[in-house]
Amino acid sequence: MTIHSESLALSLASISPAMLALIGGALAVLFVLVIVLLLRGASLRREQAEEASFRAEENEARMAELLKIQAEMQGRIAAMTEVFGARQSELNQTISQRLDGMSQRVSSTITEQTKSTHENLQRLQERLAVIDAAQNNIQTLAKDVVGLQAILSNKQTRGAFGQSRMETIVADGLPMGAYAFQQTLSNGSRPDCTIRMPNGAPPLVIDAKFPLEAWNAIRDAGSPEAGKIAGQQFRRDMEVHIRDISEKYLIQGETQDTAFLFVPSESIFAEIHEHFEPVVQKAHRARIVIVSPSLLMLSIQVIQAVLKDQRMRAQAHLIQGEVAILMDDLSRLDERVRKLQGHFAMAQKDIDMVVTSADKLTRRGAKIEALEFEAGGDAKPARDSEAAAKSVESRTGLLKLRVVDEE
């Protein structure tokens with residue numbers, strides 16, 4: 001140890017003063033450099049800290065602006081939701097009022113129609129009861145046919161009896177003013193009865209003159225040959241009578257193109273259709289309908305039903321008019337509801353787009369909030385800091401422009 005110390009002392013002693021001064025200067029310079037480097041590192045750290053603080057403040061400002069925009073959008077959405085809720089409530093109230101009014105009108109109309117239908121059915125049942133009673137009386141009338149031969153022994157008695165029965169049936173089945181007896185036509189003929197038809201149609205003519213003498217000859221024939229001759233005579237008399245009715249009573253535009261030939265006995269009516277079919281066919285071709293008392297009664301009932309139906313149809317036109325007005329109101333309501341549905345669909349689409357934009361802004365804010373800034377260890381000049389700040393601003397601006405485009 002002593003030897004080494006001595007050798008070091010000898011070495012130092014051998015160094016010249018100039019060398020020692022040079023070494024001292026180098027050490028001083030080195031010391032100064034160390035101090036400068038320390039000061040420069042402290043300055044760089046201070047600049048980095050300031051830059052980080054500036055970036056943090058800028059990010060906070062951006063986040064505050066985004067939060068403000070989000071709050072405004074939420075407020076607008078709440079206001080729009082409140083407005084739409086109020087409008088929907090008003091619409092529901094209006095539709096409910098309209099539906100209640102229409103329901104009351106429809107209910108009133110249906111009630112009136114039901115009442116009218118019930119009354120008509122009740123009248124129809126009464127008429128059917130009358131027809132049933134008439135059918136029950138047919139058998140009694142058929143039994144009295146034999147006794148009527150004495151009464152119908154001449155034309156005047158026969159005509160008076162047939163017309164009396166026909167007038168009784170017509171008067172019982174039709175109201176006053178719906179028929180007329182012995183009314184004179186334009187050609188001077190006077191049919192036994194004319195029935196006025198509804199809707200201004202020409203009247204229907206009924207003839208009660210029946211060739212009963214020829215029929216009695218058939219009944220009184222004692223042999224088949226005499227019966228055959230009497231049948232031919234009855235056929236000729238019927239054809240002549242049918243022709244007379246067609247020529248006298250079927251007037252174009254003044255009477256119906258069909259007339260009734262009244263037969264005052266059900267049994268005679270049945271015999272004619274069974275044994276004199278050609279006469280019936282000729283009558284049909286001449287538009288003459290052979291009717292018995294029951295058929296005439298049924299025809300009168302049908303005509304009465306037609307007259308009632310005409311009166312009902314006059315009332316039905318009023319109901320149809322109200323229903324047409326109701327359908328117009330329903331059509332307008334349907335059109336307005338569809339328009340309102342379209343408005344709601346458009347508003348819902350706008351709300352969905354606004355909510356989508358808000359979600360995107362929220363995600364963008366979350367990304368910015370979660371962004372990590374790297375602090376570099378290398379020294380950078382002040383202009384690099386300014387360039388970085390401008391770069392941050394540029395990225396933020398691009399972010400805002402991109403959000404607007406996506407909306």
So, does Arg196 use its side chain to make a donor-acceptor pair with the main chain of Tyr179 at under 3.5 Å? yes
When you check the side-chain N and O atoms of Gln348 and Asp352, is any donor under 3.5 Å from an acceptor? yes
Tell me if a side-chain donor or acceptor on Ser246 pairs with a main-chain N or O of Ile242 at a distance below 3.5 Å. no
Please report the shortest heavy-atom distance between Pro264 and Pro293, naming the atom on each side. C-CG, 4.0 Å
Take atom CD in Gln252; do more than 12 heavy atoms of anything else shown fall under 6.0 Å from it? no
Option passing side chain to side chain contact (heavy atoms under 4.5 Å, CB included) with Cys193 (candidates Asp207, Val205, Leu296, Val170): Val170
Begin from the C-alpha positions of Arg105 and Ile325 and carry the test side-chain contact (heavy atoms from CB on, under 4.5 Å) through to its verdict. CA-CA 11 Å; Arg105 293 174 60 184; Ile325 296 173; 4.1 Å; yes
If you count heavy atoms of other groups shown closer than 6.0 angstrom to CZ of Arg98, is the number above 12? no
List the steps, then state whether salt bridge (charged side-chain N to carboxylate O under 4.0 Å, His left out) holds for Asp334 with Arg338. CA-CA 6 Å; Asp334 181 70; Arg338 291 182 184 277; 2.9 Å; yes
Are Phe262 and Phe260 close enough that their ring centres sit under 6.0 Å apart? no
Do other residues, nucleotides or ligands put more than 12 heavy atoms under 6.0 Å from the CD atom of Glu277? yes
Are the side chains of Leu174 and Ile303 in contact, using a 4.5 Å heavy-atom criterion? yes
Begin with the C-alpha distance, continue with both residues' side-chain angles, and end with the deciding distance and a verdict on side-chain contact (heavy atoms from CB on, under 4.5 Å) for Arg87 and Glu90. CA-CA 5 Å; Arg87 294 290 178 83; Glu90 294 177 358; 4.2 Å; yes
With a sphere of 6.0 Å drawn around CD of Gln281, does it hold more than 12 non-hydrogen atoms of other residues, nucleotides or ligands? yes
Looking only at non-hydrogen atoms, find the nearest pair between Phe84 and Ala347 and report the distance. CZ-CB, 3.3 Å
Taking it one step at a time, do Val291 and Val263 satisfy side-chain contact (heavy atoms from CB on, under 4.5 Å)? CA-CA 6 Å; Val291 294; Val263 177; over 6 Å; no
Do you know the tightest heavy-atom contact between Leu204 and Thr258? CD1-O, 3.0 Å
Identify, with sequence neighbours excluded, every residue that meets ring pair (Phe, Tyr, Trp, His ring centres under 6.0 Å) alongside His273. Phe269
Return the minimal non-hydrogen interatomic distance between Ala286 and Leu250, and the atom names on each side. O-CD1, 3.6 Å
Would His284 and Val280 satisfy side-chain contact (heavy atoms from CB on, under 4.5 Å), going step by step from the backbone distance to the final call? CA-CA 6 Å; His284 286 173; Val280 177; 3.8 Å; yes
Go through the steps for Lys339 and Glu335 under the test salt bridge (charged side-chain N to carboxylate O under 4.0 Å, His left out), then give the verdict. CA-CA 6 Å; Lys339 289 182 179 180; Glu335 181 180 359; 3.6 Å; yes
Would you check, one step at a time, whether the test salt bridge (charged side-chain N to carboxylate O under 4.0 Å, His left out) holds for Arg235 with Glu239? CA-CA 6 Å; Arg235 184 180 299 108; Glu239 291 176 353; 5.3 Å; no
Output yes when a side-chain donor or acceptor of Gln256 lies under 3.5 Å from a complementary backbone atom of Pro203, and no otherwise. no
Do side-chain atoms of Ser89 reach the backbone of Gly85 as a donor and acceptor pair under 3.5 angstrom? no
Answer yes or no: is there a donor N or O on one side and an acceptor on the other, between the side chain of Ser96 and the main chain of Asn92, under 3.5 Å? yes
Determine whether the side chains of Gln233 and Arg236 contain a donor N or O and an acceptor N or O closer than 3.5 Å. yes
Mind listing the closest non-hydrogen atom pair of Asp192 and Ala208 along with its distance? OD2-N, 2.6 Å
